[in-house]
Each structure stands twice: as structure tokens, then as C-alpha cells.
2 protein chains.
Amino acid sequence: MSQTVDRALSILPLLAQGPADLGQVAERLGVHKSTALRLLRTLHEHGLVYRQQDQRYRLGARLFSLAQEAVENLDVREIAHPHLVELNERCGHTVHLAVYEEHEVLYIDKVESRYPVRMYSRIGKPVAITVAAVAKLLLADLTEPERRAIAERLDYPMYTSRSTPNAGAFLRELAVVREQGWATDLGGHEESINCVGAPVRGADGRVVAAMSVSAPNVVVTAEELLTLLPLVRRTADAVSRDYSGTTHTKKA
Amino acid sequence: MSQTVDRALSILPLLAQGPADLGQVAERLGVHKSTALRLLRTLHEHGLVYRQQDQRYRLGARLFSLAQEAVENLDVREIAHPHLVELNERCGHTVHLAVYEEHEVLYIDKVESRYPVRMYSRIGKPVAITVAAVAKLLLADLTEPERRAIAERLDYPMYTSRSTPNAGAFLRELAVVREQGWATDLGGHEESINCVGAPVRGADGRVVAAMSVSAPNVVVTAEELLTLLPLVRRTADAVSRDYSGTTHTKKA
DNA sequence: GTGGGTGTTGCGCCATGTGCAACGGTCATT
DNA sequence: AATGACCGTTGCACATGGCGCAACACCCAC
């Protein structure tokens, strides 16, 4: 592994916490100021870091463009998008698409609710992994040792009284989800919001993404939302078929 | 400037165009495979690059999280957001917030239209810089030599017959915008979409961001949209006041 | 089997990244 | 004004760490 690059990249999460000046960066990296300066300059030249008027550094705009382009050529997303839109048109609620990658679950697409009351979420935001329906779906598909390893390492914040309290409960929940092939989050993240979700599978049967429909209590009750389950599952299956069909014909 | 870091960072835009395998990366970087491997490994360890099943590399999830955190501690955005929401509630159309940074204009926030017909755009996406109302507002505030320099270097794609055709026309347009303190885009990007925008200014009077309201012809005509101008300007001024008020009390 | 295509490893050389120390600018204090 | 403290910046000599090479390990196709 390359030391120089390693140091340079360590600057990014550091700056993600807020702007910092040269001295602070050097100190937190444990290197001489001149070294930090050279690294920052290189990052700057690539637009990953921006220097504001007060001379302090913060993360740069190129980061957005990159993240943007990255998300745009995820093929699952591209294939799923029209289905998400259609699902949204049928039920009116917020629709999410999420993937699992390197111990994180994150939203890669979203179609907003047509109702005025919307839940707050944003593409790229890491999901509340212990409670979200999509997170359960994605993790449930991992091998048993992987699930255990992850479950052990997680925190279990009690967002509400219905949040998953600990690793044991989480693993049991994953077993259920794995068995039944769909998942819910009934007020586990925010008291008044419920979700139903279903998995998207690749040609080999492995779960490659998960989608869910979310709605607040004030719009529909949990029972009403559950009546959408067949529709959600059908949509997810349709995406799976599309995805499996095209997954072999990758562009050069 | 650091060679190693420079090479490593050059991999990112390369992968943004689509996944690539080790050989391709090495070739396009002009370095030996072993070197490329070491760089990719380092990027991987920081989560900026992900290795998919077919062994090819693509951009990783950490990029999203970083871009996300970065956008979240831009203070203009935080301050402007409630105003954008309010503006959206009053007029119902799509509202954008954009900033200029290092020769790029990009959206940093957006509130979706309440009408079913929506324009496609996404936070982080670089703006059509020669035609968008927000781009004109941000560039109009630069010094005269800066404006000239940028205008010379730009391409002037004719999205529609009303797009800005060349540098001369663009500079004249910027002069008008600078003078009047607001800007429009009437079908310059997409034939059927119009925008009105106004600048957000910092305590020193410089333009720090720009906001706009966009709507397709099928919902309101250009004339009707222009009647919203006073509302847009008032909102932008309100943001400017909020921003100037808090700009001195930066958190430690 | 055999061959061409991958990705990976160990190594010796020297380019390159490193810390140091000295410089220059800005701001607050007296 | 003069002083000094603080920050970012520069040039330099040293040796660390990154480099390409070549050999290896692997997989798939033929």
C-alpha cells in the first residue's frame, strides 16, 4: 500500500467533519506542515479539496460530480429506475432503492412521495442499518458467518421503542426476512413511518439490491401499507428479471 | 505536487466513465500494472474504489458518503434550505440552489416541483453553464477579466435555438444580468422549460450562491413564470440576510 | 495438455516524497 | 511604529518509499 496516497486520502474524511487549516491537517495526519501542504495541493489540483477565503480547506466540488457519475453508471439503478417510477405512480408513496457495499447499506435512488408530507432522506446517505427494511433484505442474503460478524460489530441505537435492540434480535429478524423474502420496518426508525420492502436478485439468485415503499402514519396505516406488499414484490421481481436479462450483455 | 497521489487521483475520473480492469487502468495511467495495483489497493482501502465480482474496479460507496457530508456542512445550503422549501410551497415549482467553484457551477440543493411533470436534474450535476439562470448569476459577479477568461474557454452547445451561441453573446448577457440583479433562462436548455433566478449575497456583497425557479411550458407560460420574479428576489434577499447575519459567527 | 490472458509477488534501483530551517506575510499587542 | 507571535510558503539534502521489471500463479479456451 502506498504511504503517500494513504496519507492524502486520510485528509478527505478529516475534512468531511468540517473545514480545517494547514496546521490542523498536518497535526492530525502526524506529518510536517510542508508535507501536508504538498498533499493538499495535489488534492486541490484534482478538485477534491477547495480553499475558501479564510485559507482553510474543505471538500471540493469535484467530489459531487464523481459521486454523481458513479451512481449513474450502476446498472441496477439504471434498470430499476423506470420500475421505481411506475411503482410510485401506482401507490403515491416514496420509493427507495438501496445496495450493500463494504459493510454499508446506502440509498442509490429515490422517487419522492406525491403526498405533501415526505420523509427526509437523501441519495448517498448511509441507511439506518439495524432497522431499515432494505438493510435487512440486503444483509439477510449474506452467508451466516458474514451476518454474525456484521451483527456483532453494529451499534443498536434505539431510535424508537420498536428499534432492533441487539445483535441477537437482529440476527433472528434477518433469518425471518431471509425465509419469507420480504421485510418491513414498522416505526423502527421514526415512530410514525412504516416501510415494506422486497429484494432484487441477479441471475445467480443473489440479492443485488433492495427496494422499499415508505409512508407516514398520517397518510396510511401500517395495515394499509402492508396491502401493497404484493405490488412491491412484483415490481422487485420485474427488476430482477430485467437485470438478469441484461447482466450478461455488458457493454465493452 | 506529489506524483504518486496525482496518479492515484487520476484513477477516479477514469473510473467515473465506467468500470475498468487492472490492465486498462495501468494503460490509461501510463504506468506499470504493479504500480496501478498498488494505487488501486490504496484507494480500495479508503473505500473510494470498489471491486466487483468480475474483478473490475469501479467507484466506491465512500465517495457518496463524503460528497454527502461535504454538501451538508456548506453553510449557505443549510441556511437557504428552509427558504427554498417555503418558496416551493408558495409557487409549487422546482427550486434550485447552485454555487460556483473552480470553473464549475453546480446544484447543491433542490426542492422538487409539486406538479407531476418534472424536469430532470440532480444535486451534484454540473449545470449547463452557458444557459442556466443560476450560472449566469454566479458568473456575472466575477471580475471582468475572469469573466472574459471563462467565456473564452467555454463551449457553446446549441441545446435549442435559444441557447447562448458564443462568447460575445454570453458576455453581453452577463453584463445585463450583473446590471439588473436577476436572470432568466427561457427555453435555452430545453425548449419547453423556463427559469427565473436571483442571487444570494454575502456580507461583503459578493454573490455566494444563486437560486432559481423552473417550470415547463405545459404548466405555466414564460410570462406567468416571470410574475414570480419579485417573490424569487425577495426569497434570495431573505437568504442573503440570514447568511450575512451568521457568517461571522462561525463555529469553532 | 497447452497457450494466452488475467492478477499478484519480491526485489534492486533511484526518483520522489520527506522533514528541516529559513523566509515572508498578516495580525494583534505594546 | 515597532515588536513578536503565528501562519503559509520555499529550497534543499537525505534516504525512504514508490517504481518497473521479471517471474509466478491462476483461470479459461481451445
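In what follows, chains are A, B, ... by sequence order, proteins preceding strands, each numbered from 1. Remember, predicted model here, so these are calculated numbers, not experimental data.
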Quick one: [X] [atom1] to [N] [atom2], roughly how many Å, whole number?
{"X": "B/D21", "N": "C/dG7", "atom1": "CG", "atom2": "C1'", "value": "10 Å"}
{"X": "A/E27", "N": "D/dG8", "atom1": "CD", "atom2": "P", "value": "12 Å"}
{"X": "A/R51", "N": "D/dC7", "atom1": "CZ", "atom2": "C1'", "value": "10 Å"}
{"X": "A/L37", "N": "C/dG25", "atom1": "CG", "atom2": "P", "value": "17 Å"}
{"X": "A/D54", "N": "D/dG8", "atom1": "CG", "atom2": "C1'", "value": "13 Å"}

> Can you give one letter per nucleotide of nucleotides 12-30 of chain D, 5' to 3': B if a protein heavy atom sits under 4.0 Å from the base, S if only from the sugar-phosphate, - if neither?
Replying inline: -----SSBBBB--------
> How far does the helix from C/dG1-D/dC30 to C/dT30-D/dA1 bend, going by the axes of its first and last five pairs, to the nearest 10°?
Replying inline: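 Roughly 40° between the end axes, to the nearest 10°.
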Set of salt bridge (Lys or Arg N to Asp or Glu O under 4.0 Å) partners for [X], sequence neighbours left out:
{"X": "B/E102", "result": "none"}
{"X": "A/E45", "result": "none"}
{"X": "B/R206", "result": "B/D141"}
{"X": "B/E101", "result": "A/R58"}

>> Which residues pass the ring-ring contact (aromatic ring centres under 6.0 Å, His included) test with B/Y100, not counting sequence neighbours?
In response: none
> Got a sec, which pairs hit salt bridge (charged side-chain N to carboxylate O under 4.0 Å, His left out) with one end in residues 146-157 of chain B, sequence neighbours left out?
Replying inline: B/E144-B/R148
>> Looking at B/E179, I'd like to know if its CD atom is crowded, meaning that more than 12 non-hydrogen atoms belonging to other residues, nucleotides or ligands lie closer than 6.0 Å.
In response: no
> Taking only residues two or more places apart in sequence, or in another chain, which ones meet A/H44 in a side chain to side chain donor-acceptor pair (under 3.5 Å)?
Replying inline: none
